Amino acid sequence: MSYLRNGFFLTLCVAMALTASTGCKSKKNAQQPIQPALNDSNPNESTTITGQPNVDLEGLNFASAGVRPVYFDYDSYALRPDALSTLKTNAEVFKGQLAGAIIQVEGHCDERGTQEYNLALGEKRALAARDYLTKLGVSGDRIVTISYGEEAPADPGHNESSWALNRRCEFNKATR
Amino acid sequence: MRVIRGCVLSAVFVAMAFAQDPPAPAGDGNSVSIRSTGVGDSRVGVAVPTFATPPGQDALASQMTEVLRYDLEFTGLIRLLRPEEFPTSFQGLTSDAAQLDFPSWRNARAEYVVHGYIVSEGGNVALDGRLLDAATGQQVVGRRYPSEQSAWRLVVHTFAEDIVKYLDGEPGIATSGYCFSGGATGKKEIYIADYDGANLKQLTQHNSISILPTFSPDGLKIAYVSFKDRYQFLYSFELSSGKSTALSKEVGMNSAPAWAPDGSRLAMVLSKDANSEIYLVNADGTNKKRLTNDGGTDTSPCFSPDGGNIAFVSDRGGSPQIYVMDTSGGNVRRLSLQGGKSYDPSWSPDGKQIAYVVEQGGFEIWVMDANGSNPRNLTASGGSNESPSWSRDSRNVVFTSTREGKPQLWTANAATGQNRKVPGISVAAQGPDWGPRRGR
């Protein structure tokens with residue numbers, strides 16, 4: 001798997017991975033976590049930069065690889081027909097061009113509803129997308145979820161056309 | 001003498017008093033519990049003249065008096081005399097409470113007169129605060145409140161709680177405050193402020209999204225959700241040190257922290273098992289025990305004040321509603337039954353009521369009895385009203401409302417339904433939690 005070798009991003013990634021790893025250590029519960037763990041980056045990876053970094057340019061941007069967001073109805077985490085279709089396309093990319101990538105599914109809501117409930121609703125959307133991707137053959141070990149609830153709208157407007165764009169799941173690269 | 005608590009009861013007593021005992025001039029010695037100013041207003045009449053000071057300290061005296069007036073009026077139990085109702089002979093307080101002319105205050109329909117005398121010296125201020133019964137001229141509350149000058153508001157709030165405790169039997173909440181999430185979309189930090197909106201302070205500097213703060217029962221820590229380390233994790237902020245430590249860093253969701261009343265554990269919502277479920281966790285983050293097991297969405301846990309039950313939101317019945325379970329996850333039953341989708345339960349500290357949010361076009365604050373009966377609306381603003389949290393005296397609920405545009409903190413009195421905006425909070429404010437008293 002290719003990682004960013006750019007100094008700033010590498011530092012950021014290592015910092016994030018370290019943070020994540022602290023949390024994983026306390027995870028020796030009887031209940032086996034169904035979500036995969038986020039681990040440290042490869043400790044053997046060199047941080048010496050000579051010339052241009054060896055960057056997986058395609059993997060940098062899921063959008064350029066053809067990955068698209070999926071959209072939801074109000075107060076619903078059911079996958080609509082258009083979402084199923086988009087997820088099939090995304091799954092092919094995840095299994096092909098982005099076969100090495102760890103995928104973070106980000107669930108989002110529109111501004112209606114309570115802040116706390118929307119965090120749960122966004123998570124349910126992300127979990128629904130994750131579940132369907134695994135049915136399409138993308139390993140669940142490669143997919144983690146996060147919910148932003150109503151905190152990160154794609155469109156700042158306060159009407160239905162904005163809300164429709166904000167009820168979504170986005171797919172981004174996660175660090176392992 | 002203690003004034004009887006509760007508007008309805010008071011009104012009954014007042015009506016009886018008026019029916020059987022026509023308005024004897026107040027203060028003829030045979031005092032009754034309630035000497036109301038008229039039918040329909042059972043509040044106690046209290047005069048709060050501007051505190052006396054040595055020459056040159058008038059500005060501080062005015063400010064302190066205004067804070068006390070706000071505190072007493074906020075209780076809903078007290079009718080403040082307007083300055084134009086003061087006796088015409090009154091020329092302002094002197095340092096000597098014995099100089100008050102009580103017959104003239106009785107004629108002005110004051111049942112009690114507050115006497116305050118302030119001395120400010122160096123960096124310190126001392127308030128000599130007294131409450132005097134206008135019927136007898138007797139001092140019923142009297143205390144010297146010394147403080148650093150910078151903490152003068154807390155001094156006044158403490159005096160207010162002493163007055164309210166005498167009149168009502170319970171001290172009210174004048175020394176309490178809120179924590180909340182403040183700021184613009186994508187840049188939210190954790191803030192605190194006094195209950196009257198003063199002393200606004202930003203606690204976190206995460207430059208991220210930090211939301212859903214909630215005070216530990218002793219008020220010394222705040223649990224909250226933050227994306228500061230890129231993922232959605234739970235943290236605990238210690239007010240004395242200003243340090244944040246992680247409470248939960250599971251993969252997926254770490255959300256909706258709620259302290260047990262004894263502070264030993266928290267309920268929280270995690271998705272590590274690939275669904276939104278409620279867990280019970282030790283306050284140090286260890287020993288995560290799963291309480292819910294349902295394919296739907298379970299979130300927004302909230303303890304009963306006796307620690308034995310947890311109210312929460314679930315869509316297991318088809319739409320989000322308020323449910324309750326015991327702390328082992330058993331004995332689940334639905335509480336909200338009036339129809340609209342329901343969210344954000346908050347159990348009153350006296351255990352009797354649950355405030356929550358009902359979606360009915362907009363989002364409004366409702367209150368029901370703790371067994372689910374008697375649901376009633378506390379807001380009808382048309383905006384979005386969310387995240388109710390009770391004051392420690394179980395009289396008021398703080399919540400966030402968009403009725404004037406940006407999210408702001410408002411309170412609603414659960415008995416009267418009176419809504420009022422928390423003044424002076426300049427940032428957009430969401431997810432308030434009403435903390436404990438800080439008085440002594």
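Not measured: the values here are computed from a predicted model. Below, read A as the first sequence line, B as the second, and so on, with proteins coming before strands; counting in each chain starts at 1.
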Task: Interchain contact, Y77(A) with chain B, by part (heavy-atom threshold 4.5 Å) - done: side chain

Open item on the list: What's the separation between atom OG in S276(B) and atom NZ in K124(A), rounded to the nearest 0.5 Å?
Closed with: 7.0 Å

Open item on the list: Can you tell me which portion of R112(A) sits under 4.5 Å from chain B's heavy atoms? Options are side chain, backbone, both or neither.
Closed with: both

Task: Spacing of CG belonging to D75(A) relative to NZ belonging to K341(B), to within rounding of 0.5 Å - done: 3.5 Å

- [ ] Select one option (side chain, backbone, both, neither) describing which atoms of L119(A) are under 4.5 Å from chain B's heavy atoms.
- [x] both

TODO: Would you confirm whether Q232(B), through its side chain, and S147(A), through its main-chain N or O, come within 3.5 Å as a donor-acceptor pair?
DONE: yes

Task: Spacing of OG1 belonging to T299(B) relative to OH belonging to Y117(A), to within rounding of 0.5 Å - done: 8.5 Å

Task: Side chain / backbone / both / neither for A256(B) at chain A, heavy atoms under 4.5 Å - done: both

- [ ] Give me the contact list for residues 149-163 of chain A versus chain B, heavy atoms only, anything under 4.5 Å, ordered by residue number.
- [x] E150(A), E151(A), P153(A)

Open item on the list: Is S271(B) in contact with chain A via its backbone, its side chain, both, or neither, using a 4.5 Å heavy-atom distance?
Closed with: both

Task: Residue part contacting chain A, namely of N275(B), when any heavy atom lies under 4.5 Å - done: both

Open item on the list: What residues of residues 355-367 of chain B make heavy-atom contacts with chain A at a cutoff under 4.5 angstrom?
Closed with: V357(B), E359(B), F363(B)

- [ ] Examine whether an atom of S255(B) lies under 4.5 Å from a heavy atom of chain A, and if so say whether it belongs to the side chain, the backbone or both; otherwise answer neither.
- [x] side chain

- [ ] Look up atom CD in E123(A) and atom CD in E277(B), then write down how far apart they are to the nearest 0.5 Å.
- [x] 11.5 Å

- [ ] May I ask you to check whether S300(B) and E116(A) show a side-chain donor-acceptor distance below 3.5 Å?
- [x] yes

TODO: For the residue pair Y343(B) and N118(A), confirm or rule out a side-chain donor-acceptor distance under 3.5 Å.
DONE: no

